[in-house]
Amino acid sequence: MNNTVIYLLRHGETEWNKVGRLQGQLASPLTEKGRMQAHKMGECLARELNGETSYSMVCSTLGRTRETAGIVCLALGFEYGRCTFDDLIMEISQGDWDGYTVDELEEKFPEGRAAYNLDKWHTVPPSGESNAMMEDRARQWFAALPESSDSPDSPDPLPDGSHGAMGRVLRGHY
């Protein structure tokens with residue numbers, strides 16, 4: 001892996017986060033709190049980058065990360081049109097389980113949830129993907145990262161707008 005410094009940002013709170021509903025790759029808009037969180041992330045990142053301008057920003061293609069990225073870009077003074085969007089860092093797809101709360105899943109899919117609880121890494125929800133499959137996408141994303149600047153002491157930073165589960169896998173892989 002190259003020496004790129006990655007600033008991993010998670011999207012702000014969504015309407016579904018607020019009620020404990022699994023989003024997966026479905027759409028749920030940011031709440032007012034989520035928009036404030038995105039603004040604060042942008043302010044913190046601006047302080048951390050300390051005037052640095054030689055970076056790119058990459059985000060998941062899902063709407064909640066796009067909305068978060070737009071707010072972060074405003075706080076950074078970074079042109080949103082310079083962002084790139086990548087399906088590889090989208091949230092895990094829970095397939096038929098997306099849109100449910102955990103309690104609803106336990107009631108509607110008891111056998112599948114029992115299997116998932118025994119092996120959370122390899123169990124594939126109906127029409128979804130396992131954590132191992134999501135990790136394969138993360139590995140592909142890391143492998144495709146461009147080389148950072150010529151100076152190993154001063155690598156180009158890379159703000160990355162992603163999700164909860166994908167963020168955990170990216171941190172673990174990094």
Side-chain angles (χ1 to χ4, degrees), residues 2 4-101 125 127-131 133-146 148 155-174:
N2 66 39
T4 300
V5 174
I6 299 171
Y7 292 94
L8 188 58
L9 311 174
R10 182 182 182 263
H11 62 79
E13 178 190 68
T14 68
E15 294 294 337
W16 282 14
N17 289 143
K18 196 162 67 170
V19 296
R21 201 162 291 288
L22 300 178
Q23 294 173 105
Q25 296 178 0
L26 298 179
S28 179
L30 296 183
T31 61
E32 184 59 35
K33 178 181 178 181
R35 288 186 287 279
M36 288 182 358
Q37 290 169 331
H39 182 75
K40 290 290 185 190
M41 279 189 284
E43 288 178 340
C44 290
L45 187 56
R47 282 193 301 275
E48 181 69 24
L49 292 173
N50 195 27
E52 175 68 49
T53 59
S54 66
Y55 61 89
S56 57
M57 188 170 194
V58 62
C59 300
S60 159
T61 56
L62 297 177
R64 57 193 181 267
T65 53
R66 286 177 176 270
E67 186 178 357
T68 299
I71 297 167
V72 167
C73 285
L74 283 174
L76 282 173
F78 186 83
E79 185 182 331
Y80 180 77
R82 290 180 49 208
C83 291
T84 58
F85 299 93
D86 196 329
D87 286 340
L88 288 174
I89 55 174
M90 284 194 306
E91 183 63 295
I92 189 170
S93 171
Q94 298 283 341
D96 294 348
W97 294 357
D98 283 341
Y100 290 97
T101 66
S127 304
E129 66 183 333
S130 67
N131 284 292
M133 294 161 74
M134 179 181 56
E135 184 195 20
D136 286 342
R137 287 193 284 114
R139 287 181 192 277
Q140 291 172 44
W141 184 77
F142 275 114
L145 282 178
S148 58
D156 296 334
L158 178 68
D160 169 8
S162 191
H163 303 273
M166 176 54 85
R168 286 187 294 276
V169 169
L170 289 170
R171 286 190 307 275
H173 184 71
Y174 188 70

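- For the atom pair NE2 of His163 and OG1 of Thr68, the computed distance is 9.0 Å after rounding to the nearest 0.5 Å.
- Closest of all the heavy-atom pairs between Asp87 and Arg137 is O-NH1, 3.5 Å.
- Between Pro159 and Leu45, the closest side-chain pair of non-hydrogen atoms falls below 4.5 Å.
- Here the side chains of Met57 and Cys73 are in contact, with some heavy-atom distance below 4.5 Å.
- In terms of heavy-atom proximity, Asp98 sits nearest to Gln23 at CG-O, 3.7 Å.
- Scanning both residues, Asp160 and Leu8, for their nearest heavy atoms gives OD2-CD1, 3.3 Å.
- Across all their heavy atoms, Thr61 and Met90 have their closest contact at OG1-SD, 3.3 Å.
- Note on ring orientation: taking the six-membered ring where Trp is involved, the planes of Tyr80 and Phe85 are tilted (angle from 30° to 60°).
- Put simply, the side chain of Glu91 gets close to the backbone of Met166: a donor and an acceptor are under 3.5 Å apart.
- Atom OG of Ser60 sits about 8.0 Å away from atom CD of Gln25, to the nearest 0.5 Å.
- Side-chain atoms of Arg82 come within 3.5 Å of backbone N or O of Tyr55 as a donor-acceptor pair.
- Considering OG1 of Thr65 and CZ of Arg10, their distance stands at 11.0 Å, rounded to 0.5 Å.
- Here the straight-line distance linking atom NE2 of His11 with atom CG of Asn17 works out to 5.5 Å at 0.5 Å rounding.
- Contact between Ala138 and Val169 at its shortest, heavy atoms only, is CB-CG1, 3.7 Å.
- Within the 3.5 Å criterion, the main-chain N or O of Trp16 finds a donor-acceptor partner in the side chain of Ser28.
- Under a 4.0 Å N-O distance rule, the pair Arg35/Glu67 qualifies as a salt bridge.
- Using a 4.5 Å cut-off on side-chain heavy atoms (C-beta onward), Val72 and Phe78 make no contact.
- The heavy-atom pair separating Ala75 from Glu43 by the smallest distance is CB-N, 3.8 Å.
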Evaluation steps, side chain to side chain contact (heavy atoms under 4.5 Å, CB included), between Ile92 and Asn131 = CA-CA 7 Å; Ile92 189 170; Asn131 284 292; 3.6 Å; yes
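- In this structure a side-chain-to-backbone donor-acceptor pair under 3.5 Å is present from Glu129 to Ser93.
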Given the rule in the side chain to side chain contact (heavy atoms under 4.5 Å, CB included) test, do Ile6 and Leu145 qualify, once you have shown the distances and angles that lead to the verdict?
-> CA-CA 11 Å; Ile6 299 171; Leu145 282 178; 4.1 Å; yes
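- Judged by distance alone, the side chain of Gln37 and the main-chain N or O of Glu13 form a donor-acceptor pair under 3.5 Å.
- For the pair Arg64 (side chain) and Leu26 (backbone), a donor-acceptor distance under 3.5 Å is present.
- Separation of atoms OG (Ser162) and CG (Leu62) is listed at 9.0 Å; rounding is to 0.5 Å.
- With rounding to the nearest 0.5 Å, the separation of CD1 in Ile71 from NE2 in His39 is 9.5 Å.
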